[in-house]
Amino acid sequence: SLKDFINETLIKTEDIIKEKGRIQFRELANLLDLNEVQVKSVVAKLIDEDRIQGTFTEDGKGFVTEDKLKKEIRRNLK
């Protein structure tokens with residue numbers, strides 16, 4: 001059903017983002033067999049549901065989790 005597809009897509013997206021920490025929407029779209037607009041909607045829903053914490057990248061073409069960003073900042077401060 002459509003509801004199952006949406007739930008599976010949300011779970012897959014959440015897992016990929018948490019595993020990678022930083023991802024471009026184009027790559028995510030390829031992994032999920034969706035387009036970039038759909039992927040952005042899925043990511044926005046995960047943020048709204050507080051299932052992922054982070055921010056869109058500066059160029060707006062990707063997403064980075066809070067944890068990944070903290071690690072990158074710490075690494076750059078060394």
Quick one: are V39 and T13 in side-chain contact, heavy atoms under 4.5 Å? no
ask   = Is the CG atom of D33 crowded by more than 12 outside heavy atoms at less than 6.0 Å?
value = no
request  = Could you walk me through whether K18 and I52 pass side chain to side chain contact (heavy atoms under 4.5 Å, CB included), step by step?
outcome  = CA-CA 8 Å; K18 286 182 175 176; I52 56 173; 4.2 Å; yes
Practice item. Please answer: with hydrophobic residues joined when any side-chain heavy atoms are less than 4.5 Å apart, are L10 and F63 in the same cluster? Key: yes
CG of L28 to CD of Q24, rounded to nearest 0.5 Å, is 10.0 Å
Value for CD1 (I17) from CD (Q53), rounded to nearest 0.5 Å, stands at 11.0 Å
Separation between CG (N7) and CG (L2), nearest 0.5 Å, reads 9.5 Å
| message | Check this for me: E58, atom CD, are more than 12 non-hydrogen atoms of other residues, nucleotides or ligands nearer than 6.0 Å? | response | no
**E36 bridged to K61 by N-O distance under 4.0 Å** = no
Do side-chain atoms of E8 reach the backbone of F5 as a donor and acceptor pair under 3.5 angstrom?
no
Q | Side chain to side chain, K20 and K68, heavy atoms closer than 4.5 Å | A | no
In this structure, CG of D15 is separated from CG of L31 (nearest 0.5 Å) by 12.0 Å
The reported gap from CD1 in I6 to NZ in K3 (rounded to nearest 0.5 angstrom) is 9.5 Å
One should read off an interatomic distance between L69 CG and T57 OG1, to the nearest 0.5 angstrom, of 10.5 Å
For R51, does the CZ atom have more than 12 heavy-atom neighbours from other residues, nucleotides or ligands under 6.0 Å away? yes
Are side-chain heavy atoms of L32 and I16 found at a separation under 4.5 Å?
yes
- Item | Student check: side-chain heavy atoms of F25 and V43 closer than 4.5 Å | yes
